[in-house]
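These figures come from a predicted structure and were not determined experimentally.
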Amino acid sequence: MTSTPATSTAMTAAAETASTAPAAEAADGTALHGPVTDWFDEHARDLPWRRPEAGAWGVMVSEFMLQQTPVSRVLPVYEQWLTRWPRPANLAAEAPGEAVRAWGRLGYPRRALRLHAAASAIQERHGGDVPREHGQLLALPGVGEYTAAAVASFAYGQRHAVLDTNVRRVFARAVTGRQYPPNATTAAERKLARALLPQDEQLAARWAAATMELGALVCTARGPECHRCPIAAQCAWQLAGAPAHEGPPRRTQTYAGTDRQVRGKLLAVLREAVAPVPQQVLDAVWDEPVQRARALDGLVSDGLVEPLGGGRYRLPHA
């Protein structure tokens, strides 16, 4: 494996000093920008939210849906959503329960309520157009630092550090020489991402999308295909011999038998119903009464289910 002396030295230094100094102090992304964006130009997936006609609203919808959910599951729901609600005003005009219904089985359905709230705020504050300014995006309900940066970058071509799980993993390996990033995003990672960001606005937006795609397709969590990686020869983790992860155990998610599974089953009944659902119908969803009641109470508390008189329930109408 070969690399230019300057790049190899910089990347190795970053890996060696990661534990004693912020990685951003040693990081220089200049040698990475070209190979990664060139790779992206050739290998990027043709996804609907990347097409010009998607607009800022299409980008925002995709970002809400893609949180903790794979592209393959998002695609059909995304297409249906944009057909029904091509503008924020269209979604804002309907009851929030309709957003929960259309969310289907994407999981984490509170995202549907947050997206509905964001659409309502866009309609009220910005005349129905997704705002361009990062601060205005960040002020929308349900929009955090990542989503605001992603929309500003992907929809409006602005220069922002966009840090999702895939990007964090690419930077952890390529620059700090670690197999995995920390379990939660750190200030040091944000500083590193800003240090690696190209100065040119257009290139920075391309870099954000390219590093995300590289992490999704090549620098994956369980089976990185380093032979396909455009920066393998410059990767600090590879140069260090691909050391195994030494930090806290990686978090794994379980689903079967959890309250989350019960909540999903209860919501599935309510999504299919055209009229309020009696308690006894929901009782048939799950045998264990304490867990079932806890899950239903949680749905009500989260605003995903609206209790009515006579022991009936429906998706929220207001």
Evaluate the side-chain proximity of [Y] to [X]: yes if any heavy-atom separation is below 4.5 Å, no if none is.
| X | Y | result |
| --- | --- | --- |
| T147 | L137 | no |
| Q158 | S153 | no |
| I122 | P131 | yes |
| E213 | R50 | yes |
| P230 | L214 | yes |

If you count the non-hydrogen atoms of other residues, nucleotides and ligands that lie under 6.0 Å from CD in Q279, is the total more than 12?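 For Q279, atom CD is crowded (more than 12 foreign heavy atoms under 6.0 Å).
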Is it true that atom CZ of R105 has more than 12 heavy atoms of other residues, nucleotides or ligands lying nearer than 6.0 Å?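 No - once you tally the heavy atoms of other residues, nucleotides and ligands closer than 6.0 Å, there are 12 at most.
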Do the rings of W207 and F171 sit parallel, tilted or perpendicular, given the 30° and 60° boundaries?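 Rings of W207 and F171: parallel, under 30°.
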Would you call the rings of Y78 and W49 parallel, tilted or perpendicular, where under 30° means parallel and over 60° means perpendicular?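 Y78 vs W49 ring planes: perpendicular.
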Give the other cluster members for [X], using side-chain heavy-atom distances under 4.5 Å between Ile, Leu, Val, Met, Phe, Trp and Tyr residues; answer none if it is isolated.
| X | value |
| --- | --- |
| L203 | none |
| L308 | none |
| L282 | V100, L113, V262, L266, L267, V269, L270, V277, V281, V285, W286, L296, L299, V300, L304, V305, Y313, L315 |

R45 CZ to F40 CZ distance, which is reported to the nearest 0.5 Å: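 Here the rounded value is 9.0 Å.
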Within this structure, what is the CZ-OG1 distance for the pair R190 and T185, rounded to the nearest 0.5 Å?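 Here the rounded value is 5.5 Å.
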Side chains of [X] and [Y]: do they bring a donor and an acceptor to under 3.5 Å?
| X | Y | answer |
| --- | --- | --- |
| W85 | E94 | yes |
| Q67 | Y146 | no |
| T69 | R111 | yes |

Evaluate the criterion side-chain hydrogen bond (donor to acceptor under 3.5 Å, both in side chains) for residue pair H160 and E201; output intermediate values, then yes/no. CA-CA 9 Å; H160 293 282; E201 194 168 53; over 6 Å; no
Decide salt bridge (charged side-chain N to carboxylate O under 4.0 Å, His left out) for R101 and E272; before the verdict, give the C-alpha distance in whole Å, the side-chain angles of both, and the deciding distance to 0.1 Å. CA-CA 8 Å; R101 194 188 310 278; E272 295 297 324; over 6 Å; no
Run the salt-bridge test on R263 and D302 with the 4.0 Å N-O cut-off and return the result as yes or no.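 Looking at D302 together with R263, the answer is yes, because their closest N to O distance falls below 4.0 Å.
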Are R206 and D41 ion-paired here, with the side-chain N under 4.0 Å from a carboxylate O?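 Looking at D41 together with R206, the answer is yes, because their closest N to O distance falls below 4.0 Å.
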Mind listing the closest non-hydrogen atom pair of [X] and [Y] along with its distance?
| X | Y | answer |
| --- | --- | --- |
| P243 | W237 | O-NE1, 2.8 Å |
| R169 | Q179 | CG-O, 4.2 Å |
| L217 | H43 | CD1-O, 4.1 Å |
| A119 | W57 | CB-CH2, 3.8 Å |
| Q238 | C226 | NE2-SG, 3.3 Å |
| A208 | V167 | O-CG2, 4.5 Å |

Please test R87 against N90 for side-chain hydrogen bond (donor to acceptor under 3.5 Å, both in side chains), starting from the C-alpha separation and ending with a verdict. CA-CA 5 Å; R87 298 273 297 161; N90 304 121; 5.8 Å; no
Could you go through the salt bridge (charged side-chain N to carboxylate O under 4.0 Å, His left out) check for E189 and R168 one step at a time? CA-CA 7 Å; E189 287 182 283; R168 293 174 61 226; 2.9 Å; yes
Trace of the salt bridge (charged side-chain N to carboxylate O under 4.0 Å, His left out) decision for R292 with D287: CA-CA 8 Å; R292 184 181 65 240; D287 291 337; over 6 Å; no
Establish whether L138 and L140 are linked, either directly or via other cluster members, by ILVMFWY side-chain heavy-atom contacts under 4.5 Å.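 Hydrophobic grouping puts L138 apart from L140.
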